[in-house]
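Right, one structure below, let's go through it.
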Amino acid sequence: MKSLVCSLFLAAAALTSSCSKAPADSANVQNLNRDFINAWNSRDSGKITGMMADDITFVQGNAHWKGKDEVGQKWVSATLPTIANLKTSVSSSNTDDNSAYEAGTFSVDVQPAGPGQPAGFGEGNYIFYWKKAADNTWKLSYAQLEDLPVQRRN
C-alpha cells in the first residue's frame with residue numbers, strides 16, 4: 001500500500017511538472033544540454049569548462065569531485081579523449097527562474113585502450129542541473145552519471 005501511494009504521488013508530481021509552463025526568463029535546458037553535448041563531441045574542453053559553475057559537483061559511482069578545477073581535470077580532461085559520440089535521451093526535465101535540470105539515459109563510443117585493442121560501447125543514466133549565475137549566464141552546477149560496464153564492440 002505504501003508503495004502504491006508513493007507511486008501515485010510521483011506520477012502526480014511528474015504530470016504537474018510536465019504540464020507547467022516555464023517562466024519567460026527561465027533557461028531552455030534542452031539548448032543548454034545540446035550545447036554541452038556538442039562541445040563534448042567536438043572535444044572542446046575550454047567550452048565545456050566554461051559552461052561549468054565554479055562550485056560544480058560531479059558524481060559517478062564512488063567518484064565525487066567538487067569545483068571547476070577538480071572536475072575539469074578529473075572528469076573532462078581525463079575522460080574527453082576516451083569517449084566519442086555522446087548521445088542522450090531525455091526522460092525528465094524542468095526549469096524555473098534560477099535552475100534547470102534534465103535527466104535520462106546516455107550512450108557513448110569508448111575508444112580502444114591501445115593499438116590492437118577493441119573499441120567499446122557505454123551507456124547509463126545522467127542528471128545535469130544548471131543554475132543561473134550572478135551575471136545571468138547559465139552554468140552546469142551538478143552532473144551525475146551512473147553507467148553500466150562498458151561492452152566490447154564487435
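Atom set for the values below is all heavy atoms of this structure, side chains included, hydrogens, waters and symmetry mates excluded.
Remark: the backbone N or O of A103 is paired with a side-chain donor or acceptor of S91 at under 3.5 angstrom. Listed for the R43 side chain is a donor-acceptor partner under 3.5 Å among the backbone atoms of L80. A side-chain donor-acceptor contact under 3.5 Å links T82 to the backbone of T79. The main-chain N or O of L86 is found under 3.5 Å from a side-chain atom of N41 such that the two form a donor-acceptor pair.
Here Q144 contributes atom CD and T57 contributes atom OG1; the two are 10.5 Å apart, rounded to the nearest 0.5 Å. In this structure, NZ on K132 lies 5.5 Å from CH2 on W138, to the nearest 0.5 angstrom. Here the CG-CG distance, from D35 to L140, works out to 12.0 Å after rounding to the nearest 0.5 Å. The structure places CG of N28 at 9.0 Å from OG of S93, a figure rounded to the nearest 0.5 Å. Here the CH2-OG distance, from W40 to S45, works out to 9.5 Å after rounding to the nearest 0.5 Å. Residue S77 holds its OG atom at 9.0 Å from CD1 of I48, rounded to the nearest 0.5 Å.
S99 approaches Y129 most closely through the heavy-atom pair CB-OH, 3.0 Å. Minimum heavy-atom separation, V59 to E146: CG1-OE2, 4.3 Å. Pairing each heavy atom of G50 with each of K139, the nearest pair is O-NZ, 2.6 Å.
Classification of the W130-F36 ring pair by plane angle, with boundaries at 30° and 60°, yields perpendicular.
In this structure, L145 and F58 have side chains that are in contact, with non-hydrogen atoms separated by less than 4.5 Å. Side-chain contact check for K131 versus D55: some heavy-atom pair is nearer than 4.5 Å. Taking the side chain as every heavy atom from C-beta outward, I37 and T88 approach each other to under 4.5 Å. Residues W65 and W75 form a side-chain contact, since some pair of their non-hydrogen atoms from C-beta on lies under 4.5 Å apart.
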Could you pull out every donor-acceptor pair under 3.5 Å between side chains of residues 106-113 and any protein atom, sequence neighbours left out?
unit_1 : atom_1 : unit_2 : atom_2 : d
D109   : OD1    : R153   : NH2    : 2.5
D109   : OD2    : N85    : ND2    : 3.3

Pairs of donor and acceptor atoms involving the side chains of residues 67-74, under 3.5 Å and at least two apart or interchain, shall be tabulated with distances.
unit_1 : atom_1 : unit_2 : atom_2 : d
K68    : NZ     : T49    : O      : 3.4
K68    : NZ     : M52    : O      : 3.3
E70    : OE1    : K66    : N      : 3.0
E70    : OE2    : K74    : NZ     : 3.1

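Put simply, the residue from N94, T95, V90 that forms a side-chain contact (heavy atoms from CB on, under 4.5 Å) with V29 is T95.
Heavy atoms from other residues, nucleotides or ligands lying under 6.0 Å from CG of D135 number more than 12.
Linking ILVMFWY side-chain heavy atoms closer than 4.5 Å, directly or via other members, places I83 and F121 in two distinct hydrophobic clusters.
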